[in-house]
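What follows is one structure encoded as structure tokens, with my remarks underneath.
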Amino acid sequence: MASSPFIFSALLLFTFSLSSSSSLAKQSPRPNALVLPITKDKTTLQYTTVINSGTSRDKPGTPLVVASLVFDLGGRHLWVETDTYYWSTSFQTSHCNSPMCYRAGSHGCSRCYSDYRPGCNADPCTLTFKNPVNGMVDTGDIASEVVFIQSTNGSNTGRVVKIPSLVFSLGTRDLLNGLANGTVGMAGMGRHPVIGLPSQFAKAFGFNRKFAVCLPSSSSSGGRGVAFFGNGPYVFLPGIKISKLTTTPLLVNPVLVADPIVYEPFVYGEKSPEYYIGVTAIKINEKTVPINTRLLKINGTTGLGGTKLSTVNPYTVLETSIFKAVTSAFVREATARNITRVPSVKPFGPCFSTKNVVVTRLGYAVPEIQLVLQSKDVLWRIFGANSMVSVRSDVICLGFVDGGVNAETSVMIGGLQLEDNLIEIDLAKNTLGFSSTLLGRQTNCANFNFTSTA
């Protein structure tokens with residue numbers, strides 16, 4: 001795999017309170033949980049995190065790279081641009097048919113005849129993967145690297161701990177097109193049992209395969225959201241413990257939906273690493289929207305349909321017939337409240353004047369959207385803060401977009417609808433827990449205390 005030389009010069013977007021190199025080398029008792037920061041990029045509306053990794057030749061206990069990565073909830077694994085770890089002394093390449101290759105589910109092996117460097121090794125095994133932002137498919141070498149990550153007690157950050165060998169893959173520079181400025185790859189949090197980051201973190205420290213995500217909103221004034229890995233609790237300022245989550249089963253899509261020509265031959269037979277839930281109906285103000293409910297089910301042969309969660313799509317994406325039905329019902333209920341519709345603003349459908357819309361703690365007072373899950377009593381409620389987008393000082397739009405008649409997924413719950421909600425994914429129990437908006441609990445996702453107690 002060829003790419004022009006590039007040495008990643010990271011901005012210190014998130015500073016770990018690192019102790020001396022000797023204290024990093026002496027591993028204390030295993031942590032109960034780990035924590036990563038999540039920031040919203042204002043330009044792309046993507047969510048990013050940072051991972052400290054690599055080893056400096058001059059300072060053996062000090063991370064060489066603070067890698068900024070797009071946070072991809074459904075991504076299969078971590079991938080980074082090829083030259084990110086060019087100078088790391090702890091970078092380990094894979095070798096064809098090695099245990100690392102088998103663990104990662106390698107799709108083949110390759111050979112590079114240029115001078116040795118990351119991405120050009122003698123006989124590496126490879127993974128083929130797709131960037132969901134720009135649609136590009138790449139085949140990259142499998143490698144491993146030392147990673148430093150902060151522990152947490154659920155209320156604060158704690159000491160920094162080390163993962164000696166985190167498996168990831170390399171990608172070409174072109175794969176970065178469309179990603180937030182300064183990022184060098186994507187952090188895949190998907191359900192792959194071996195190379196998904198939640199699974200790797202859990203295996204490294206022996207805690208439960210469980211993690212929680214709390215995305216910050218645009219109104220957080222630069223505040224950071226948070227991802228927890230391992231056991232709770234989840235505590236946000238001012239000392240509010242988030243518990244008693246509503247739970248729903250996670251569904252497995254048996255098909256990794258992909259480009260049938262370019263991508264599918266490499267991943268044939270793989271299950272999707274993304275997180276699907278069983279939405280059975282959609283309501284607006286408690287009134288059921290008439291839609292084709294067959295679209296809400298995953299087709300076991302094609303993998304099409306169903307409902308999944310996505311952090312790489314800024315807004316919820318609906319199949320065309322569902323989009324038309326939902327937006328029509330929403331407009332009808334909004335009109336009944338004397339909310340005035342105005343011309344649409346792309347990429348949205350219905351937009352409204354703010355003239356008659358009251359702002360509450362839960363956002364704009366607009367019709368409530370409810371996703372009905374496994375029973376009529378299990379609802380994911382979406383209030384104004386998670387349904388409306390302010391496009392001008394006097395205009396707001398419904399933050400749902402039309403995914404087309406051939407949408408792979410019928411309902412893709414996007415970033416806006418996930419913001420300021422704590423979601424907990426338990427891979428062992430195969431369940432999703434969700435809080436609904438934290439604004440109703442007088443806190444938000446930017447209120448985790450990143451002050452270290454170590």
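The shown structure was predicted, so the numbers you read here are calculated from the model rather than taken from an experiment. Excluded from the calculations below are hydrogen atoms, water molecules and symmetry mates; all remaining heavy atoms, backbone and side chain alike, are included.
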Would you find a donor on one side and an acceptor on the other, under 3.5 Å apart, between the side chain of [X] and the backbone of [Y]?
| X | Y | answer |
| --- | --- | --- |
| Thr82 | Gly171 | yes |
| Asn299 | Thr301 | yes |
| Asn134 | Gly178 | no |

Open item on the list: My understanding is that only residues two or more places apart in sequence, or in another chain, count here; which of them pass side chain to side chain donor-acceptor pair (under 3.5 Å) with Asn32?
Closed with: none
TODO: Kindly indicate whether the side chain of Leu179, heavy atoms from C-beta on, has any atom under 4.5 Å from the side chain of Met186.
DONE: yes
Does anything in [range] pair up under side-chain hydrogen bond (donor to acceptor under 3.5 Å, both in side chains), and if so which pairs, sequence neighbours excluded?
| range | answer |
| --- | --- |
| residues 428-438 | Arg191-Asn430 |
| residues 303-331 | Glu274-Lys308, Ser310-Asn313, Thr316-Gln417, Glu319-Ser321, Thr320-Asp402 |
| residues 341-361 | none |

Open item on the list: Going by ring pair (Phe, Tyr, Trp, His ring centres under 6.0 Å), name the residues that satisfy it together with Phe352, two or more places apart in sequence or in a different chain.
Closed with: Phe330
- [ ] Only pairs at least two apart or in different chains count here, so list each disulfide (SG to SG under 2.5 Å) that has a residue in residues 290-334.
- [x] none
Task: Residue pairs fulfilling disulfide (SG to SG under 2.5 Å) with at least one residue in residues 296-394, sequence neighbours excluded - done: Cys351-Cys397
- [ ] Output all residues satisfying salt bridge (charged side-chain N to carboxylate O under 4.0 Å, His left out) with Asp394, sequence neighbours left out; order by chain, then residue number.
- [x] Arg392
Task: Counterpart residues, salt bridge (charged side-chain N to carboxylate O under 4.0 Å, His left out), relative to Lys287 (two or more places apart) - done: Glu333
Open item on the list: Quick test of your reading: applying ring-ring contact (aromatic ring centres under 6.0 Å, His included), list the pairs with at least one residue in residues 225-248, sequence neighbours left out, ordered by first then second residue.
Closed with: Phe201-Phe229, Phe211-Phe229, Phe228-Tyr234, Phe228-Phe448
Open item on the list: For residues 289-309, which residue pairs pass the ring-ring contact (aromatic ring centres under 6.0 Å, His included) check, not counting sequence neighbours?
Closed with: none
Anything under 3.5 Å between a donor and an acceptor, one on a side chain of residues 374-389, the other on a protein residue two or more places apart or in another chain? List them.
{"unit_1": "Gln374", "atom_1": "OE1", "unit_2": "Thr248", "atom_2": "OG1", "d": "2.7"}
{"unit_1": "Gln374", "atom_1": "NE2", "unit_2": "Thr247", "atom_2": "O", "d": "3.2"}
{"unit_1": "Ser375", "atom_1": "OG", "unit_2": "Asp377", "atom_2": "N", "d": "3.4"}
{"unit_1": "Arg381", "atom_1": "NH1", "unit_2": "Glu286", "atom_2": "OE2", "d": "3.3"}
{"unit_1": "Arg381", "atom_1": "NH1", "unit_2": "Glu368", "atom_2": "OE2", "d": "2.6"}
{"unit_1": "Asn386", "atom_1": "ND2", "unit_2": "Leu416", "atom_2": "O", "d": "2.8"}
{"unit_1": "Asn386", "atom_1": "ND2", "unit_2": "Glu419", "atom_2": "O", "d": "2.8"}
{"unit_1": "Ser387", "atom_1": "OG", "unit_2": "Phe383", "atom_2": "O", "d": "3.3"}

